[in-house]
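Below is one structure, written out as structure tokens; the observations come after it.
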There are 2 protein chains.
Amino acid sequence: MNSKLKQLKEFGIKLTPQRLAILEYLNGNRDHPSAEMIYKAVKEKFPMTSFATVYSTLEVLTKSGVISELKVDPERRRYDPETSPHHHLICTKCRKIVDINAEVSIKIPDYLDREFEIHSRHIEFYGICQNCSKGGANILKR
Amino acid sequence: MNSKLKQLKEFGIKLTPQRLAILEYLNGNRDHPSAEMIYKAVKEKFPMTSFATVYSTLEVLTKSGVISELKVDPERRRYDPETSPHHHLICTKCRKIVDINAEVSIKIPDYLDREFEIHSRHIEFYGICQNCSKGGANILKR
DNA sequence: GTTACTGCAAAGCTTTTGCATCCCT
DNA sequence: AGGGATGCAAAAGCTTTGCAGTAAC
């Protein structure tokens, strides 16, 4: 958290209360919230906060590399304080997005490495999360 | 192609000219077009075709399993006549989406298989495509 | 003849933009 | 003090919806 603030200062980015609130809300958050969820949460602390500010802040934070933007959900962007590469499981029952922090080894044919300069990779696993397979309540409809 | 038509008939889905035109345009298409691109292409053949029809057809075709919907591009949905599982490379220069049909082996820790019922997986590779690494023209701006 | 599909237009969501005001540094 | 950040409202882009008319089966 503090290293993130330091990082932002180095970029000459102003630390406004709204931005700090967004960062605080995201810090340690494993729910991959959308801009709207972040907006709602931050608004409770700073009722004056606007949507535009949340969006612009999320863009600034993403571009500074302090948070990352997930493209896992086709409906809306989601944000993640964890910037180191990791994978995700999308529960096909409750639609929850779960971090896969484990070491995953991928083996691709040599010719692919010759054809493309591959810089990074991201795996989406589709399946059933622990909660749902436990016969857990399927609270979320879709 | 014909097997797809057969498949649709079995589902009791009506084969209208618009639907056939969409299917024909998608057949063998490796560009992962968006709904708008499909709309434009189909409109040339059937100028009366509406956006709503394209969207509803794409939904029907996706639900019948005749085409698949890609979530690779966070800006818009893209469609693919290839329904068997394969992976994608997203060129970070020209934004092109390239099929990775090769066999890719993924090894995940045992505990993940215990925690989740994993049904499928999809890898996004990020890198530079052949065209761009050849010093090829970077036609598309973003 | 039925029933599902089409076209049109309007609305719904998420995200972006313009601009005057404000406040972090 | 200065320049970036904020809030508001309006707009833009993708997708969905309602409904009357139409065409596939």
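Lettering follows sequence order; numbering is per chain, from 1.
The salt bridge (charged side-chain N to carboxylate O under 4.0 Å, His left out) test applied to A/E82 returns no partner, not counting sequence neighbours.
Taking the six-membered ring where the residue is Trp, A/F125 and A/H87 present perpendicular rings, their angle passing 60° and hence far from 30°.
Rounded to whole Å, atom P of C/dT6 lies 15 Å from atom NZ of B/K43. Rounded to whole angstrom, the span from the CZ atom of B/R76 across to the P atom of D/dT15 amounts to 8 Å. Nucleotide D/dT6 holds its C1' atom 13 Å from the CZ atom of A/F46, rounded to whole Å. We find that OH of A/Y55 is positioned 17 Å from P of C/dG18, with the value rounded to whole Å. A straight line from CE of A/M48 to C1' of D/dA9 spans 14 Å, rounded to a whole angstrom. For B/L8 and C/dA4, the CG to P distance is 16 Å, given to the nearest whole Å. A/Y39 has its OH atom 10 Å from the C1' atom of D/dC8, to the nearest Å. Taking atom CG of residue A/L70 and atom C1' of nucleotide C/dT15, one finds them 17 Å apart after rounding to whole Å.
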Open item on the list: Before you tell me yes or no, could you show the steps for B/T53 and B/S56 under side chain to side chain donor-acceptor pair (under 3.5 Å), namely the whole-Å CA-CA distance, both residues' side-chain angles and the distance that decides it to 0.1 Å?
Closed with: CA-CA 5 Å; B/T53 299; B/S56 93; 5.6 Å; no

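Side chains of B/H122 and B/H86: a donor-acceptor N/O pair is absent below 3.5 angstrom, by distance only.
One finds a side-chain N or O of A/R77 lying less than 4.0 angstrom from the OP1 or OP2 phosphate oxygen of C/dT16. OP1 or OP2 of C/dT16 has not a single side-chain nitrogen or oxygen of A/S56 nearer than 4.0 Å. Note on A/Q18: a side-chain N or O is less than 4.0 Å away from OP1 or OP2 of D/dG7. Within the structure, a side-chain polar atom (N or O) of B/T53 is placed less than 4.0 Å from OP1 or OP2 of C/dG7. Here B/T16 reaches the OP1 or OP2 of C/dT6: one of its side-chain N or O atoms lies under 4.0 Å away. For the OP1/OP2 pair of C/dC24 and a distance below 4.0 Å, the side-chain nitrogens and oxygens of A/R19 include no atom meeting the criterion.
Among the nucleotides C/dC8, D/dA5, C/dT17, the one closest to the side chain of A/I13 is D/dA5. The listed nucleotides are C/dT25, D/dT15, C/dT15; the one nearest the side chain of A/K14 is C/dT25.
Residue order along DNA chain D, read from the 5' end via each residue's closest nucleotide, puts B/A35 first among B/A35 and B/K9. Nearer the 5' end of DNA chain C, as judged by each residue's closest nucleotide, is the contact made by B/G12, out of B/G12 and B/A52.
A/S34 comes within 4.0 angstrom of nothing in the nucleic acid, heavy atoms only. Heavy atoms of A/P17 sit under 4.0 angstrom from primed sugar atoms or phosphate atoms, though from no base atom.
A salt bridge links B/E75 with A/R77; the closest basic N to acidic carboxylate O contact falls under 4.0 Å.
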